[in-house]
Number of protein chains: 2
Amino acid sequence: MCGLNAFKQVEEYLVAKRRSVTIKEVAELAGVSQMTVSRVLNRAETVRQETRTRVQSAIQELNYRPNLMARHLAGGRTRLTGLLHDGAHSSELSELIVCALQSCRDSGQQLILEQIGPVEPMSPDMIDEAVSAIAAAGLDGLIVPPHLANQSRLIDRLSELPLTLVVLGGTRADERFARISHHDRAGGFELTSLLVRNGHKRIGFVADQSEGESEQDRLAGYRDALMHHNIPFEDKLIATAEVSLRGGVDAGRALIGHSDRPTAIIGATDKLAAGVVSAAHLEGLKVPFDLSVVGFGDTEAAGAVWPQLTTIRRPLSRMVELAVDYLAKSGFPDDVDGAELVTPQHLNINTIDLIERDSVAASG
Amino acid sequence: MCGLNAFKQVEEYLVAKRRSVTIKEVAELAGVSQMTVSRVLNRAETVRQETRTRVQSAIQELNYRPNLMARHLAGGRTRLTGLLHDGAHSSELSELIVCALQSCRDSGQQLILEQIGPVEPMSPDMIDEAVSAIAAAGLDGLIVPPHLANQSRLIDRLSELPLTLVVLGGTRADERFARISHHDRAGGFELTSLLVRNGHKRIGFVADQSEGESEQDRLAGYRDALMHHNIPFEDKLIATAEVSLRGGVDAGRALIGHSDRPTAIIGATDKLAAGVVSAAHLEGLKVPFDLSVVGFGDTEAAGAVWPQLTTIRRPLSRMVELAVDYLAKSGFPDDVDGAELVTPQHLNINTIDLIERDSVAASG
DNA sequence: CTGAAAGCGCTTACAG
DNA sequence: CTGAAAGCGCTTACAG
């Protein structure tokens, strides 16, 4: 009841004044100075817990949002956090941005989208130009999404900038930047084991020819699983392809083509797997009855083919959230749920999120 | 070399940032007050020509750029602009957000994402709750994306809030809010005509059962085109489906099933069309040789099936940009390129962007 | 036609 | 751990 009344009052007040809630009002409601509210907003550790809590409830009750303009003007150093993207719109990019926006707001950072591309492959000149633009933006931190984590020249250049770099995805720790990885190798193991449990012994794999660390790790996980289940590894069950639908179709046809064809195929990405499904259709095979197909990523591609793909979801939201947090606090916390701190600069998320849909059936 | 250059640029930038030219310096150089400089900047007619000229040369000499942050801060409150979304990540959402973020920054607005859903269908309670949350956010404006434009209860509730509402997509002008529509009917006409030009006479249409205005308009365009080309309209060539891959598959099978089957099928959305492609595969028909298929939207679904779909791209970036602009200026400009001002509150974009891919072949 | 003052909403720098 | 003051760069509202 009380909450409802306060709610109503705030609303009426806002309508009447036609302006938004300011730090002053929050301070008044919490019974502290503006300074203290500002400290809470900026994550200063010097505020007593009790005071902090009081301020936070005031913020919530009034639905206060700091005015970015004022912040920028006063501070001269609102932290600008960049999120790099390549201009290709996708469900992954929307997940990344939505979550980054939310996390940045929570931690008082301002999100700036920085675009590179979308030309593929990226030329050295293009990279240098983009990096110059990023340098000129005066960012405090920059987040590189999984999709661009393999661009070594780009990462090299970005590492030289006077900003904190966080790379999502990939595998190895690198002291030039912070990395948040997820357990691709275990994912590959899991997906392969699922197929083995369904009786499959001849399992094909469509690998990414660009040899990104993540994609290579998925393949390594596949080999781990074969070994674990005493199934011999065969070169001819591996095909490489450019990550595109066409690449998946071609690689799928190649794998299906020969006489001793696989009964199941893993795509290193959903897009490749979607291509494999189409290849199966073209060759007259029913999925999943004649051929099981699984992918990686839980992207839109996984839900756009029939049957919809069993796949492994990447914890993108979690990763950006952790990245923004890292930038806010200049380091990872010691204890992150479901994640392991490999080095102070390298956090690995080790939960696996298997999404089972309709593209797997028992063999034979 | 390049790295060194990047460093140098940053250094220069930082120095520049610390002492960026302000209105005060311009005023001093021109020998006037800040106020006069401000008047010149804001095109006030009350400045004497001679003074104006002096100020302008000072501006040029110092290469002065007004600080947008300060401008917006002083000029009034910064406007909070909401973008509604349903939590379902997609390429469309990423396009919407990327563009909204950019436009808001340009016009000094602050973008707030407001989520409703993602439960489907949305219950009245859920809608009311979401609308309350939106009310409490104290937004000045709210943009409703095409995907949610059909939710009449939601729109009704939002119309009652003390904020400026802009609905993207849909068809009819409504005085309770501003609308930016695109030419769905002409799009339906165009797509149908493309098929007719390819010799198709029996053209199926998978309609959206939810009867959204846009989707209905596409069907109307289809009928227009048939009439224009003297092809009789047949009820049995129309199927309705829930907008999902499964819906498309089922509707596709129904249309393909009967003896006198269509040689081409239009999906009211790409997702439905993707389902139709899968249905064709399941029934042993080759796309596009046995069946041509086209969709609407140029979404990820259009690129995730094989063959990739010919479709019509919606001008989403353009629409959000215009929406943000409308909110900034409280109205549409008189002359927008490629668009028509139906009423002062209703702008219709009449360009059609046909994306031809590989899902259409000549009939017979 | 022009200017001095107040203030937008926030932060930095200092003081307790 | 918390607060009072000054000021970021500009505009509005008032005064000449």
Side-chain angles (χ1 to χ4, degrees), chain A residues 14 17-56 58-59 62-80 104-105 107-110 138 140 328, chain B residues 14 16-56 58-59 62-80 107-110 138 140:
Chain A
L14 286 177
K17 289 265 181 177
R18 275 192 50 85
R19 57 196 270 290
S20 40
V21 182
T22 70
I23 198 172
K24 199 176 156 195
E25 291 152 68
V26 176
E28 270 164 20
L29 181 62
V32 296
S33 70
Q34 296 184 202
M35 201 44 245
T36 301
V37 178
S38 176
R39 284 196 182 93
V40 171
L41 288 173
N42 293 293
R43 294 267 183 276
E45 303 301 328
T46 60
V47 181
R48 205 173 41 175
Q49 186 53 51
E50 191 232 1
T51 317
R52 175 185 296 276
T53 313
R54 221 165 56 236
V55 170
Q56 272 162 343
I59 287 175
L62 296 174
N63 206 307
Y64 166 71
R65 329 243 174 174
N67 180 322
L68 292 183
M69 305 291 171
R71 219 161 186 179
H72 220 102
L73 186 58
R77 39 175 292 141
T78 327
R79 298 182 78 88
L80 298 182
C104 281
R105 215 175 76 196
S107 63
Q109 300 178 63
Q110 180 171 345
D140 299 287
Chain B
L14 287 178
K17 191 181 182 183
R18 293 247 153 73
R19 350 162 123 194
S20 78
V21 183
T22 70
I23 198 172
K24 200 175 157 193
E25 293 156 68
V26 176
E28 270 164 19
L29 181 62
V32 297
S33 71
Q34 297 183 202
M35 200 46 244
T36 302
V37 178
S38 176
R39 284 197 180 94
V40 172
L41 289 172
N42 294 292
R43 309 220 141 62
E45 302 301 326
T46 60
V47 182
R48 204 172 43 177
Q49 186 53 49
E50 191 232 3
T51 317
R52 175 185 298 274
T53 312
R54 221 165 59 235
V55 170
Q56 272 163 343
I59 287 175
L62 296 174
N63 194 16
Y64 166 72
R65 305 274 166 203
N67 179 324
L68 290 184
M69 305 289 172
R71 223 169 180 172
H72 289 302
L73 219 212
R77 64 226 176 81
T78 58
R79 306 177 76 95
L80 298 183
S107 63
Q109 299 178 63
Q110 183 170 337
D140 299 288

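By convention in this document, chain letters (A, B, ...) are assigned in the order of the sequence lines, proteins followed by strands, and residues within each chain are numbered from 1.
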Verify the contact: side-chain N or O of A:Arg71 to OP1 or OP2 of C:dT11, cut-off strictly under 4.0 Å; return yes or no.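 Yes.
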Below 4.0 angstrom from OP1 or OP2 of C:dT2, is there any side-chain N or O of B:Thr51?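 Result: yes.
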Looking at every heavy atom in both [X] and [Y], which two are closest together, and how far apart are they?
| X | Y | value |
| --- | --- | --- |
| B:Val47 | B:Arg52 | CG1-N, 3.8 Å |
| A:Gln34 | A:Ala27 | N-CB, 3.7 Å |
| B:Val55 | B:Thr36 | CG2-CG2, 4.4 Å |

What is the distance, rounded to the nearest whole Å, between atom [atom1] of [X] and atom [atom2] of [N]?
| X | N | atom1 | atom2 | answer |
| --- | --- | --- | --- | --- |
| B:Ile23 | D:dC8 | CD1 | P | 13 Å |
| A:Asn67 | D:dG9 | CG | P | 16 Å |
| B:Leu73 | D:dG9 | CG | C1' | 9 Å |
| B:Leu62 | D:dG9 | CG | P | 14 Å |
| B:Gln49 | C:dT2 | CD | P | 11 Å |

Where each residue is assigned the nucleotide of DNA chain C containing its nearest heavy atom, which of A:Lys24 and A:Arg39 is assigned the position nearer the 5′ end? A:Lys24
Tell me if the side-chain of A:Arg65 makes a donor-acceptor pair with the base of C:dG9, cut-off 3.5 Å, by modelled atom types.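 There is none.
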Point-to-point distance, once rounded to the nearest 0.5 Å, from [atom1] of [X] to [atom2] of [Y]:
| X | Y | atom1 | atom2 | answer |
| --- | --- | --- | --- | --- |
| B:Gln56 | B:Leu41 | CD | CG | 9.0 Å |
| A:Arg71 | B:Leu73 | CZ | CG | 12.5 Å |
| A:Arg48 | A:Arg39 | CZ | CZ | 13.0 Å |

Mind running a 4.0 Å heavy-atom check of residues 31-38 of chain A against DNA chain D and sending the residues that fall below it, in number order? A:Val32, A:Ser33, A:Met35, A:Thr36
Residue pair A:Tyr64 / A:Leu29, side-chain heavy-atom distance below 4.5 Å: no
So do A:Val40 and A:Thr51 actually touch side chain to side chain, heavy atoms under 4.5 Å?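 No - every pair of side-chain heavy atoms lies 4.5 Å or more apart.
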Would A:Glu25 and A:Thr22 count as having a side-chain donor-acceptor pair, cut-off 3.5 Å? yes
Would you write out the dot-bracket form of DNA chain D, 5' to 3', with Watson-Crick and G-U pairs under 3.5 Å, [ ] for crossing pairs, | for pairs to other strands and . for unpaired bases? |||.||||||||.|||
